[in-house]
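Heads up: the structure comes next, in structure tokens.
All heavy atoms count here, side chains included; hydrogens, waters and symmetry mates do not.
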Amino acid sequence: SYPAYRTGELTGTERIRGLQLPLRGNPRARELAADWRKRDPRPEALVNAALTLFREQPFYYTLTPPLLGGEIVDDFLFRTRPGFCEHYANAFVFLMRAAGVPARVVTGYQGGEMNALGGYMIVRQSDAHAWTEVWLDGYWQRYDPTAAVAPERVDAGMAAALPYVDVFIEGHSLASLEELAKEIAA
């Protein structure tokens, strides 16, 4: 992926898609975005306001967040706060769009492990990740709000972000799965 790439100017349809929000709902998030826009309408300032919110408020990364209510963005931003990358990307994009900045959620994989013997990359479901892109200065520019909350998740992968999570598959720890894999290979 490219941190910034040019696609030309946004067409009217692309701009509408990049700003699209439900007609109603999440009033607190909408109000927060409007307040930021009144203070400083520059898109860069709005991006920084959202990243600062995630960095300075008591958000934390977890794969077992509490359930959210009907106003999922408001619930996440103002009530529950623990979440995983999709929560952070969704809330960030909602805030950007509510502030008038085209944005989108991007999903894919981040990281992986090189298999030196086979010469290929092993990419697991635990490498799945969601981040965002924001239209600034004629480019879709990548911003990862998860990095504001759990930089270790982005820098070193899932295991670093969740050092105390030991159970991955049907009660097997990662260590037991590695041992099982060695036994099968032998």
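- Judged as a side-chain contact (heavy atoms from CB on, under 4.5 Å), and not counting sequence neighbours, the contacts of Asp35 are Glu31, Lys38, Arg39.
- Looking only at distances, no side-chain donor or acceptor of Arg104 sits under 3.5 Å from a matching main-chain atom of Thr132.
- Tyr60 meets the side-chain contact (heavy atoms from CB on, under 4.5 Å) test with Thr62, Pro82; sequence neighbours excluded.
- Take Arg79 and apply the salt bridge (charged side-chain N to carboxylate O under 4.0 Å, His left out) test, not counting sequence neighbours, and it matches Asp75.
- Residue Ile122 places its CD1 atom among more than 12 non-hydrogen atoms of other residues, nucleotides or ligands, all under 6.0 Å distant.
- Scanning for side-chain contact (heavy atoms from CB on, under 4.5 Å) contacts around Pro22 gives Arg30, Phe94, with sequence neighbours left out.
- Of the options Asp144, Val47, Thr146, Val105, a side chain to side chain contact (heavy atoms under 4.5 Å, CB included) to Phe92 is made by Val47 and by none of the others.
- Here ring-ring contact (aromatic ring centres under 6.0 Å, His included) pairs that include residues 36-55, with residues two or more places apart or in two chains, are Phe54-Phe59, Phe54-Tyr88.
- When each of Val134, Leu19, Ile16 is tested with Pro102 by the rule side chain to side chain contact (heavy atoms under 4.5 Å, CB included), just one qualifies, namely Leu19.
- Not counting sequence neighbours, the partners of Arg17 by the side-chain contact (heavy atoms from CB on, under 4.5 Å) test are Thr13.
- Ion pairing between Glu133 and Arg142 fails under the 4.0 Å rule for side-chain N and carboxylate O.
- In this structure, Trp131 and His129 have parallel ring planes: the angle between them is below the 30° cut-off, well short of the 60° mark.
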